[in-house]
There are 2 protein chains.
Amino acid sequence: MQSTDVRECSIARTLDLVGERWTLLALRELFLGNHRFEAIVRHTGAPRDILTTRLRKLEAHGLIARSLYQERPRRYEYRLTPLGESLAPVLTVLREWGDEHLAGPDGPPATFTHSCGAKLEAHVTCRHCGEEVKASAVRQAAP
Amino acid sequence: MQSTDVRECSIARTLDLVGERWTLLALRELFLGNHRFEAIVRHTGAPRDILTTRLRKLEAHGLIARSLYQERPRRYEYRLTPLGESLAPVLTVLREWGDEHLAGPDGPPATFTHSCGAKLEAHVTCRHCGEEVKASAVRQAAP
DNA sequence: CCCACTAGGTTGGATTTTCCAACTAGCATG
DNA sequence: CATGCTAGTTGGAAAATCCAACCTAGTGGG
């Protein structure tokens with residue numbers, strides 16, 4: 001009777017990396033162009049010490065890079081690496097879901113535009129057939 | 001000097017609901033067809049008491065429903081509501097990112113098929129132009 | 001010179017959350 | 001009557017988080 005049989009899974013791995021509290025909000029700020037520690041603290045509300053550990057972890061895994069933007073006194077800011085930028089779809093989908101299901105009577109708290117000129121409304125599609133991916137359309141392949 | 005200016009944001013709202021530890025893994029199990037408490041504990045590794053509080057919260061917000069599947073002794077299982085099923089894209093994108101960036105030499109730990117017959121590889125596209133959404137192509141609209 | 005201010009952190013200690021193992025209820029089965 | 005199944009609940013230890021204050025290394029004002 002083995003009582004644990006924890007599933008090896010890319011979802012779990014991704015969450016191990018970016019699923020802790022504040023991490024995705026910090027990344028959101030970087031995507032929005034706020035690269036400084038103080039700005040991230042202000043806009044996320046994260047405790048400064050926690051934010052430090054989150055940023056260090058993201059840096060250690062190559063999602064962000066710390067760069068000196070000023071000598072004397074030495075000041076650092078954070079920038080997304082290409083790997084970090086590849087998380088854009090994750091944030092986009094989280095925002096999309098919140099926009100659709102958690103918005104108040106005034107609609108979503110912020111809107112975004114895509115480079116095509118339209119208000120950004122994103123959806124997840126199958127690369128092969130182009131159809132929107134729905135829960136009922138996905139099956140685990142035989143291992 | 002107002003020191004806090006926390007951003008109202010759909011990402012934050014979504015994470016408030018499903019961003020705590022274990023929550024998304026529990027939802028993953030429901031998507032995979034494991035509806036029972038014991039199965040979720042086994043496959044996620046979540047502590048039983050924590051899992052209980054997570055499931056209660058999801059239920060309170062209408063993402064899942066608890067249903068009696070057996071009288072004497074009364075036993076309940078959990079099922080996704082339509083609202084819960086609408087989270088599929090979130091899990092899909094998290095898995096996609098992990099598949100692509102955290103897989104070992106043997107590739108991703110599990111693969112999925114789409115109803116179109118192909119191995120599921122999903123991406124996030126703009127509803128308007130159909131292009132894949134990249135970090136650099138998104139700008140916040142003027143408030 | 002002294003003070004205030006900036007910015008990216010660190011520190012100590014209180015608070016909260018999580019974790020874990022053991023236990024319960026209510027019934028079925030051998 | 002003992003054992004097992006399943007969805008929890010409980011108490012206490014361990015860990016993570018939170019918070020306010022502090023630090024460093026400078027700049028600008030009076």
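Here is the naming used below: chain letters follow the sequence lines, and residue numbers restart at 1 for every chain.
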Hey, is the side chain of [X] poking within less than 4.0 Å of OP1 or OP2 on [N], counting only N and O atoms?
X       : N      : value
B:Tyr78 : D:dT6  : no
A:Trp22 : D:dT17 : no
A:Tyr69 : C:dG8  : yes
A:Arg54 : D:dT17 : yes

Starting at [atom1] of [X] and ending at [atom2] of [N], how long is that distance when rounded to a whole Å?
X       : N      : atom1 : atom2 : result
A:Lys57 : D:dA16 : NZ    : C1'   : 12 Å
B:Asp49 : C:dC23 : CG    : C1'   : 13 Å
A:Arg74 : D:dT27 : CZ    : P     : 14 Å
B:Arg56 : C:dT17 : CZ    : P     : 18 Å
A:Ile40 : C:dA7  : CD1   : C1'   : 13 Å
A:Glu77 : C:dG9  : CD    : P     : 11 Å
A:Gln70 : C:dG8  : CD    : C1'   : 11 Å
B:Ile50 : D:dG12 : CD1   : P     : 17 Å

Looking at every strand, decide which applies to [X] at a 4.0 Å heavy-atom threshold: base, sugar-phosphate, or nothing.
X       : value
B:Phe37 : base
A:Arg21 : sugar-phosphate
B:Arg36 : sugar-phosphate

Among the nucleotides C:dT18, D:dG8, D:dA7, which one has an atom lying closest to any side-chain atom of B:Glu38?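 Looking only at side-chain atoms, B:Glu38 lies closest to D:dA7.
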Choose from C:dT10, C:dC27, D:dT17 the nucleotide whose nearest atom is closest to any side-chain atom of B:Arg72.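 Closest nucleotide to the B:Arg72 side chain: C:dC27.
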Can you confirm whether more than 12 heavy atoms, excluding those of A:His123, are under 6.0 Å from its NE2 atom?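 Count over threshold, so yes.
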Closest-nucleotide mapping onto DNA chain D: is A:Ala46 or A:Pro73 further toward the 5' terminus? I mean the 5' end. A:Ala46
Of the options A:Leu27, A:Asn34, A:Leu58, A:Leu55, which is the one that meets A:Tyr78 in a side chain to side chain contact (heavy atoms under 4.5 Å, CB included)? A:Leu55
Under-4.0 Å salt bridge between [X] and [Y]:
X        : Y        : value
B:Glu59  : B:Lys57  : no
B:Arg48  : B:Glu38  : yes
B:Lys134 : B:Glu132 : no

Let's test your reading of the model: under 3.5 Å, does the base of D:dG8 pair with the side chain of B:Arg48 as donor and acceptor? yes
Would you state whether a donor and an acceptor, one from the side chain of A:Arg75 and one from the base of C:dA7, lie under 3.5 Å apart?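 Indeed, a donor on one side and an acceptor on the other fall under 3.5 Å apart.
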